[in-house]
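Throughout, numbering of the chain's residues begins at 1 and tracks the sequence.
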Amino acid sequence: MKYADLAAVAADLAAAPPAFTVDPRREAALHRLDSLLGEADSELSPSLGRFYRERVDHALAEIAAYRGKVPRFWKLYSSGFVIKSARRTLAVDINGGCTPCRGRTRVTLRDDQIRRLAELIDEYCCTHSHEDHISAPLCDALLRRKKLVIMPAESRRRWMIPDATAAEGFRSDHCRTFLNWQGNASGGLDCAMYLFTLENGRTVMVRGDIYHGEGFDACMEQLRAWQLPVDYVFTSPYYTSGDDPIAALGREFACRFVPIHEWEFSHRAFGKTGPATQCFAELYEKFDPWYRCGRAQFLTWGESIMLD
């Protein structure tokens, strides 16, 4: 993998910044990024590691400088993101980077980037205990700074972060939580759904990873019980049973989507080519009706979009 090829994609994306509209320039650039990330063992590439950390530096500089009235969303690795508004900076599922197995990746955060994130973030929410959805060093750095860290009790126990606030029953003036169960091959684990109300009145729903029918139905019932609109949904399109979550959410709430959990290298076997979880081409296919009507957009590392 050549760094120059990655830099060229970044330049093409910078010329077509994300907005909720159809943009063939972004489509072409993200398909090109698919081809580069799809190389076997791309997560081992020093060029990709450099590219990732530069994209994080770009986002950190923008987050620090942003003073706009409209809440703004930044995409980091896989499911991690930051939302900054005039009153607070929220973060969800920020991790340490790619974690397919210890030592076998270059796509990781530097220590100084973790420290800078801890300085910028006011509140951090973790949906569940999978390693690609949490950074214990970041949680520790946030707690040392007296910042709020929220996660399911199961995550607190697994990662030994007793000072974190349990998501079970947590509620504030801008954050509602619902503890759900996520089924998987190992039997399942606790997974929190969060609904944030931003200062401009827009609401943001996020829930990590994979839905199964029972779990998704419970999430929908809770969203209805809260009797609030759902303006933005940040979630994976994966589901193993029941209704298609994206179709159901899109129909009921007329929301906008920003997919998460794409190119998660921990889900790709060593030496294998092609996607690690879904690639951008798959996202364009799965979200096609919503993208075509201006209700979905796809971001890669370090990119941002306004939540107006």
Side-chain angles (χ1 to χ4, degrees), residues 73 76-83 88-96 121-136 138-140 142-143 147-184 186-198 203-228 230-240 242 245-246 248-249 253 255 257-261 264:
F73 166 99
L76 297 181
Y77 179 72
S78 187
S79 297
F81 63 82
V82 172
I83 298 173
R88 63 181 61 86
T89 301
L90 303 168
V92 176
D93 282 2
I94 293 179
N95 47 63
I121 293 168
D122 298 311
E123 299 180 13
Y124 175 92
C125 296
C126 167
T127 61
H128 63 286
S129 62
H130 286 166
E131 193 170 4
D132 55 322
H133 291 261
I134 189 170
S135 166
L138 176 57
C139 291
D140 290 343
L142 287 162
L143 290 166
K147 307 291 184 74
L148 181 62
V149 175
I150 306 166
M151 62 182 64
E154 187 268 341
S155 302
R156 295 168 68 206
R157 290 191 298 270
R158 175 176 173 180
W159 289 96
M160 295 182 288
I161 308 177
D163 293 331
T165 298
E168 289 85 341
F170 177 84
R171 180 170 176 175
S172 68
D173 61 346
H174 62 276
C175 177
R176 289 168 171 81
T177 65
F178 173 61
L179 195 71
N180 198 212
W181 180 80
Q182 175 182 285
N184 63 16
S186 60
L189 50 84
D190 292 338
C191 187
M193 176 180 72
Y194 296 94
L195 184 70
F196 303 108
T197 301
L198 306 179
T203 56
V204 170
M205 175 268 206
V206 60
R207 188 216 186 253
D209 267 15
I210 300 169
Y211 293 100
H212 63 291
E214 179 184 357
F216 178 67
D217 289 346
C219 288
M220 292 293 286
E221 289 173 8
Q222 183 60 65
L223 290 171
R224 296 183 189 112
W226 281 331
Q227 297 184 327
L228 291 171
V230 179
D231 296 308
Y232 293 92
V233 171
F234 305 143
T235 192
S236 163
Y238 282 152
Y239 67 105
T240 59
I246 302 307
L249 287 161
F253 296 106
C255 53
F257 294 99
V258 177
I260 56 176
H261 209 265
E264 173 46 71

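- Partners of Y232 by ring pair (Phe, Tyr, Trp, His ring centres under 6.0 Å), not counting sequence neighbours, listed by chain and number: F20.
- The salt bridge (charged side-chain N to carboxylate O under 4.0 Å, His left out) check on E154 picks up nothing, with sequence neighbours excluded.
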Working for side-chain contact (heavy atoms from CB on, under 4.5 Å), residues C125 and F196
CA-CA 11 Å; C125 296; F196 303 108; 3.8 Å; yes

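- Partners of R88 according to the salt bridge (charged side-chain N to carboxylate O under 4.0 Å, His left out) rule, which considers only residues two or more places apart in sequence or in another chain, are E123.
- R157 pairs by the salt bridge (charged side-chain N to carboxylate O under 4.0 Å, His left out) definition with nothing, not counting sequence neighbours.
- With sequence neighbours excluded, the residues that form a salt bridge (charged side-chain N to carboxylate O under 4.0 Å, His left out) with D231 are R202.
- In plain terms, the two heavy atoms of E131 and N95 that are nearest each other are O-CB, 3.9 Å.
- Contacts of S79 classified as side-chain contact (heavy atoms from CB on, under 4.5 Å), with partners at least two apart in sequence or in another chain: D93, H133, I260, H261.
- For N180, the side-chain contact (heavy atoms from CB on, under 4.5 Å) partners at least two apart in sequence or on another chain are F178, R207, A218, C219.
- Across all non-hydrogen atoms, the minimal contact from A167 to A192 is CB-CB, 4.2 Å.
- Residues F216 and M193 are not in side-chain contact: their nearest non-hydrogen atoms beyond the backbone lie 4.5 Å or more apart.
- In terms of the side chain to side chain donor-acceptor pair (under 3.5 Å) criterion, residue partners of Y77 (sequence neighbours excluded) are, by chain and number, E264.
- Applying the side chain to side chain donor-acceptor pair (under 3.5 Å) rule to R176 yields no partners; only residues at least two apart in sequence or on another chain are considered.
- Note that CE of M205 and CG of L223 are 5.5 Å apart. Values are rounded to the nearest 0.5 Å.
- Listed by chain and number, the residues in a side-chain contact (heavy atoms from CB on, under 4.5 Å) with Y239 are Y211, D244, P245 (sequence neighbours excluded).
- Side-chain contact between L198 and V204 is present, with heavy atoms from C-beta onward closer than 4.5 Å.
- Among pairs with a residue in residues 160-170, none fulfils side-chain hydrogen bond (donor to acceptor under 3.5 Å, both in side chains), at least two apart in sequence or across chains.
- In this structure T177 satisfies the side chain to side chain donor-acceptor pair (under 3.5 Å) test with no other residue, sequence neighbours excluded.
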